[in-house]
Amino acid sequence: MKIATWNVNSIRARLERVLAWLKTQRPDVLCLQEIKVTGEAFPAEALAAAGYHAVVNGQRTYHGVAILSREPASDVVVGLGDGGDDSQARLVGARVGGVRIFSAYVPNGAEVGSEKFAYKLVWLDRLRRYLEAHASPNEPLLLCGDLNVAPEDRDVAHPEAWSDTVLCHPDARAALRRVVDWGLVDTFRLHHAEGGFYSWWDYRQLSFPKNDGLRIDHILATAPLAKRCTGSSIDREARKGKQPSDHAPVIAIFET
DNA sequence: ATGGTTGCTTAGCAA
């Protein structure tokens, strides 16, 4: 089973790229973030023609997440549903072939100390509580997405330059750690211990050519699936060329 | 300290 996650920064701007990528990579599941469209405007027909079903938690202009799958998905859940603010479309979950899969777009947080950064920390805490309430670490489950946190310094090209930013701040890392400590494994780190692997490069400052990136997109698995994870990678090629997303797809393989 | 780029939406926000 081949699972991928990709912040596409607008599915409408990136549709041809996504279709081409699906054609060559043929993942069983592709989690999308920042689709920036409502469910009605989501290009479901074009993706269906490419062989993929879609479940969507969409929104106009900002945010928006989806799960594409070759097999039909079931048990779709949308949002955190905990009575807190769910006005931003940042979470969708579904069952695909006996695996529960979540596509998450964690708030970026703008600036450390801002209201948005506080919202990010609260949102990660709500995500941890969501898992506690609605899932078990003993079931096959994947949390995929743009988690907007580089977990460690080895996930950052220039850690000293990013240490006080929203992607690396100790409070952000601790908040993600509490999610992971519920019972998840970073599948990428099962197969790569070294630094130099990134999933996001700012559009500005020639960040990509300089490989000034951060690893903020993740495929996290519960133990039953982590045990079956036979490989992981980041498709840096997909960040190249004309009009790329600022993120590259992350891939994990699980033996079935 | 600011700006650099991209997308959505149409001046400014978010990333």
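Quantities reported herein were computed from a predicted structural model and do not represent experimental measurements. Below, chains carry the letters A, B, ... as their sequence lines are ordered, and counting in each starts from 1. Heavy atoms only: backbone and side chains are in, while hydrogens, waters and symmetry mates are out.
Remark: the separation of the P atoms in B/dT2 and B/dC13 is 15 Å, to the nearest Å. A gap of 23 Å separates the P atoms of B/dT10 and B/dT5, to the nearest Å. Across B/dA1 and B/dG12, the matching P atoms stand 25 Å from one another, rounded to whole Å. Taking atom C1' on both B/dT9 and B/dA15, the two are 16 Å apart, rounded to the nearest angstrom.
A heavy-atom distance below 4.5 Å is not found between the side chains of A/Phe197 and A/Ser233.
B/dC13 atom P lies 17 Å from atom CD of A/Glu34, rounded to whole Å. Atom CG in A/Leu206 sits about 10 Å away from atom P in B/dT6, given to the nearest Å. Rounding to whole angstrom units, OH of residue A/Tyr203 and C1' of B/dA14 are separated by 13 Å. Rounded to whole Å, the distance from CG on A/Asp246 to C1' on B/dT5 is 9 Å. Residue A/Trp200 contributes atom CH2, which lies 12 Å from atom C1' of B/dT6 at whole-angstrom precision. Rounded to an integer number of Å, the gap from CZ of A/Arg17 to P of B/dG7 is 10 Å. If you take CG of A/Leu15 and P of B/dC8, they are 12 Å apart, rounded to a whole angstrom. Distance CZ (A/Phe117) to C1' (B/dA15): 15 Å, rounded to an integer number of Å.
Checked by atom type, the side-chain pair A/Trp201/A/Asp212 shows no donor-acceptor distance below 3.5 Å. Counted by atom type alone, A/Thr222 and A/Glu139 present zero donor-acceptor pairs between their side chains at under 3.5 Å.
A distance of 9.5 Å separates OH in A/Tyr198 from CZ in A/Arg236, rounded to the nearest 0.5 Å. Atom CG of residue A/Leu176 and atom NZ of residue A/Lys120 lie 9.0 Å apart, to the nearest 0.5 angstrom. Interatomic distance, A/Ser69 OG to A/Asp28 CG, rounded to the nearest 0.5 Å: 9.0 Å.
Between A/Trp21 and A/Trp6, the ring planes are tilted. Angles from 30° to 60° get that label. Ring-plane geometry between A/His134 and A/Tyr130 is classed as tilted, the angle between the planes lying from 30 to 60 degrees on a 0 to 90 degree scale.
Among the protein residues, A/Phe208 comes within range of no part of the nucleic acid, since none of its heavy atoms lies under 4.0 Å from any strand. Among the heavy atoms of the strands lying under 4.0 Å from A/His63 are primed sugar atoms or P, OP1, OP2 only; no base atom is included.
When each of B/dG7, B/dA14, B/dG4 is scored by its nearest atom to the side-chain atoms of A/Arg204, the top-ranked nucleotide is B/dG4. Candidate nucleotides B/dG7, B/dG3, B/dT5 were compared by shortest atom distance to the side chain of A/Gln205, and B/dG3 ranks first.
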Provide a list of protein-nucleic acid N or O atom pairs under 3.5 angstrom, restricted to nucleotides 9-12 of chain B.
unit_1, atom_1, unit_2, atom_2, d
B/dT9, OP1, A/Thr61, OG1, 2.8

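Put simply, A/Leu68 and A/Met1 are part of two different groups of oily side chains (I, L, V, M, F, W, Y) that touch within less than 4.5 Å, one to the next.
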* For DNA chain B, what is the dot-bracket line, given that a base pair needs Watson-Crick (N1 to N3, plus N6-O4 or O6-N4) or G-U wobble (N1-O2 and O6-N3) geometry with both distances under 3.5 Å, and | means paired with another strand? -> ....((((...))))
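Each of A/Asn148 and A/Gln243 was assigned the nucleotide of DNA chain B with the nearest heavy atom; the assignment lying further toward the 5' end belongs to A/Gln243. Each of A/Gly109 and A/Pro244 lies near DNA chain B, and the nucleotide nearest A/Pro244 is the one positioned closer to the 5' end.
Just one residue in the list A/Asp146, A/Asp217, A/Asp246 forms a side chain to side chain donor-acceptor pair (under 3.5 Å) with A/Asn7, and that residue is A/Asp146.
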